[in-house]
Amino acid sequence: MTTITLRPDQPFDLDRTLSCGQAFRWEKVEGWWQGIVDGRAIRIRQDERHLTFSGVDTGFVRDYFRLDQDLPAILSSIDRDPVIAAAIRECRGLRLARQQPWECLVSYICATNTNIPAVKRRVALMAERFGRPVDGPFGTAYTFPEPEVLASVSRADLRDCRLGYRTDYVSSTAAFATEHPDWAERIAALTFEDARQALMEFRGVGPKAADCVLLFAFGFFEAFPVDVWIHRIMAETYLPDLTGKSCTPRDYERIRRFARDHFGEYAGYAQEYLYCVRDRAGQKRGGR
DNA sequence: TTCCAGGTGTAAA
DNA sequence: TTTACACATGGA
């Protein structure tokens with residue numbers, strides 16, 4: 001068990017960071033967050049300025065939660081209007097975690113046209129059934145299965161993880177990643193737009209999933225994923241002439257260009273802060 | 001029962 | 001090039 005003291009000038013809110021829906025393998029149990037990251041079972045909690053954890057070392061925690069990233073500077077750079085200002089006030093301390101590319105890619109393929117609890121369930125099932133068991137601070141946990149494992153699993157067994165029509169997408173993506181083990185390094189070396197195009201060559205990965213993976217795994221902070229919630233918020237506040245509930249490819253392009261111009265190079269942080277307050281920002285719909 | 005959820009692929013217009 | 005529709009799943 002390790003305890004570190006956070007710098008007073010660098011806000012961090014563990015609860016918001018882990019409950020905002022960016023990562024799918026964390027669960028809060030009796031005051032402790034339990035998760036599996038990069039093959040390690042982690043237990044962590046926050047008490048004011050103190051972070052207490054086991055399962056990993058301090059360097060891992062600092063790296064995963066990007067504790068060395070200057071959050072106040074980022075937040076002041078995106079703080080361009082009253083709507084984002086309110087989100088920043090409410091969620092200050094939310095940080096973008098550094099996810100593993102492979103797990104992140106598969107997770108967001110599993111996140112299309114569905115909801116967060118269902119995604120968590122799918123990812124958990126894949127790990128329990130095909131991952132490697134590891135002993136951790138909270139009993140036996142399961143790593144997220146490597147590409148070659150998912151590639152070798154039968155479609156029927158994958159489908160049993162409640163993947164539905166996404167089964168073939170995950171399967172073919174796993175086959176590609178198995179054949180090209182350096183896929184992530186190659187994407188990381190590209191420019192933002194090129195990396196985006198490269199990710200969209202995976203079956204089941206469109207603009208939204210690509211932007212999520214770029215933002216949450218590859219550290220492209222200009223990525224601005226547009227899901228139904230973000231589309232709704234943009235239509236209701238920033239781009240009122242956006243009509244219709246569906247987000248056409250043209251709408252998507254327009255929104256992400258606007259966001260990049262309006263919020264700047266850390267537009268992805270703005271996206272996550274807006275997403276975090278989605279139930280309040282989208283007044284159009286009743287509580288949710 | 002119907003609608004909705006961190007959308008995407010495909011065929012038709 | 002844009003539009004329309006199907007798609008598995010589960011909670012509200």
Side-chain angles (χ1 to χ4, degrees), chain A residues 16-26 87 91 94 96-97 99 101 103-126 129 155-173 176 196-218 220-221 223-236 242-256 259 267-288:
Chain A
R16 283 207 204 283
T17 298
L18 292 180
S19 65
C20 70
Q22 56 176 320
F24 301 105
R25 298 211 66 200
W26 288 96
C91 303
L94 164 61
L96 293 180
Q99 298 189 41
E103 178 179 329
C104 188
L105 175 62
V106 175
S107 296
Y108 280 95
I109 287 175
C110 293
T112 64
N113 197 26
T114 187
N115 50 45
I116 291 173
V119 181
K120 286 185 164 179
R121 181 172 182 212
R122 292 176 185 127
V123 176
L125 283 171
M126 281 188 280
R129 295 182 182 180
R155 303 283 167 117
D157 286 345
L158 251 193
R159 197 176 300 274
D160 275 347
C161 297
R162 322 313 292 164
L163 297 194
Y165 66 89
R166 307 164 191 82
T167 303
D168 287 346
Y169 301 158
V170 171
S171 195
S172 70
T173 296
F176 182 92
R196 194 168 186 267
Q197 289 305 314
L199 279 172
M200 286 195 289
E201 288 183 20
F202 288 104
R203 283 182 52 76
V205 178
K208 192 275 177 179
D211 284 333
C212 285
V213 177
L214 290 167
L215 181 62
F216 300 135
F218 287 100
F220 284 102
F221 299 107
F224 193 85
V226 181
D227 71 333
V228 294
W229 292 102
I230 293 296
H231 179 256
R232 196 172 290 146
I233 292 168
M234 297 306 278
E236 286 171 2
L242 269 180
T243 52
K245 33 198 304 184
S246 70
C247 184
T248 68
R250 246 209 340 249
D251 292 341
Y252 196 111
E253 277 305 296
R254 190 169 156 223
I255 291 170
R256 79 181 184 102
Y269 262 92
Q271 190 274 359
E272 204 54 15
Y273 273 69
L274 291 173
Y275 187 79
C276 191
V277 298
R278 61 192 177 280
D279 49 339
R280 266 138 301 192
Q283 325 93 314
K284 207 57 189 254
R285 323 186 58 73
R288 191 128 183 82

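Letters A, B, ... are given to chains in the order of the sequence lines, protein chains preceding strands, and every chain is numbered from 1.
Taking OH from A:Y275 and CG from A:D227, the interatomic distance works out to 5.5 Å, rounded to the nearest 0.5 Å. The CD atom of A:E272 sits 6.0 Å away from the CG atom of A:L94 when rounded to the nearest 0.5 Å. To the nearest 0.5 Å, atoms CG (A:L242) and NE2 (A:H231) are separated by 5.0 Å. Separation of atoms SG (A:C104) and CZ (A:F24) is listed at 8.0 Å; rounding is to 0.5 Å.
B:dC3 and C:dC5 have their P atoms separated by 15 Å, with the value rounded to a whole Å. On the P atoms, B:dA11 is 15 Å away from C:dA8, given to the nearest whole Å. Comparing the same atom, C1', in B:dG9 and in C:dG10 gives a spacing of 23 Å after rounding to whole Å.
As judged by a 4.0 angstrom heavy-atom cut-off over every strand, A:G204 is placed among residues touching the sugar-phosphate backbone only. If you check every strand for non-hydrogen atoms under 4.0 Å, A:F202 touches sugar and phosphate atoms only. No contact: A:V119 has no heavy atom under 4.0 Å from any strand.
Counting only heavy atoms from C-beta outward, the side chains of A:Y108 and A:V119 never approach each other to under 4.5 Å. A:L274 is not listed as a side-chain neighbour of A:R278, based on a closest heavy-atom distance of 4.5 Å or more.
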With the criterion being N/O to N/O and under 3.5 Å, what pairs connect the protein with nucleotides 2-4 of chain C, and how long is each?
residue	atom	partner	partner atom	Å
C:dT2	OP1	A:R250	NH1	3.2

Under-3.5 Å N/O pairs linking protein and nucleotides 6-9 of chain C:
residue	atom	partner	partner atom	Å
C:dA8	O4'	A:Y165	N	3.1
C:dA8	N6	A:N113	ND2	2.9
C:dA8	N1	A:N113	O	3.3
C:dA8	N1	A:N113	ND2	3.4

I'd like a table of atom pairs between the protein and nucleotides 10-13 of chain B - only N or O on both sides, under 3.5 Å - with the distance next to each one.
residue	atom	partner	partner atom	Å
B:dT10	OP1	A:R203	NH1	3.3

(request) Test side chain to side chain contact (heavy atoms under 4.5 Å, CB included) on A:R196 and A:L214 and set out the steps. (result) CA-CA 7 Å; A:R196 194 168 186 267; A:L214 290 167; 3.7 Å; yes
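Of the residues near DNA chain B, A:G21 and A:Y169, the one whose nearest nucleotide (by heavy atom distance) lies more toward the 5' end is A:G21.
The OH-P distance, from A:Y108 to B:dT8, rounds to 12 Å in whole Å. Spacing between atom CG of A:L199 and atom P of B:dT8 amounts to 12 Å, rounded to whole angstrom units.
Using modelled atom types, one finds a donor on one side chain and an acceptor on the other under 3.5 Å when comparing A:S171 with A:R155.
A cation-pi arrangement is not found for A:R166 relative to A:Y169, the charged atom failing to lie both closer than 6.0 Å to the ring centre and inside a 45° cone about the ring normal.
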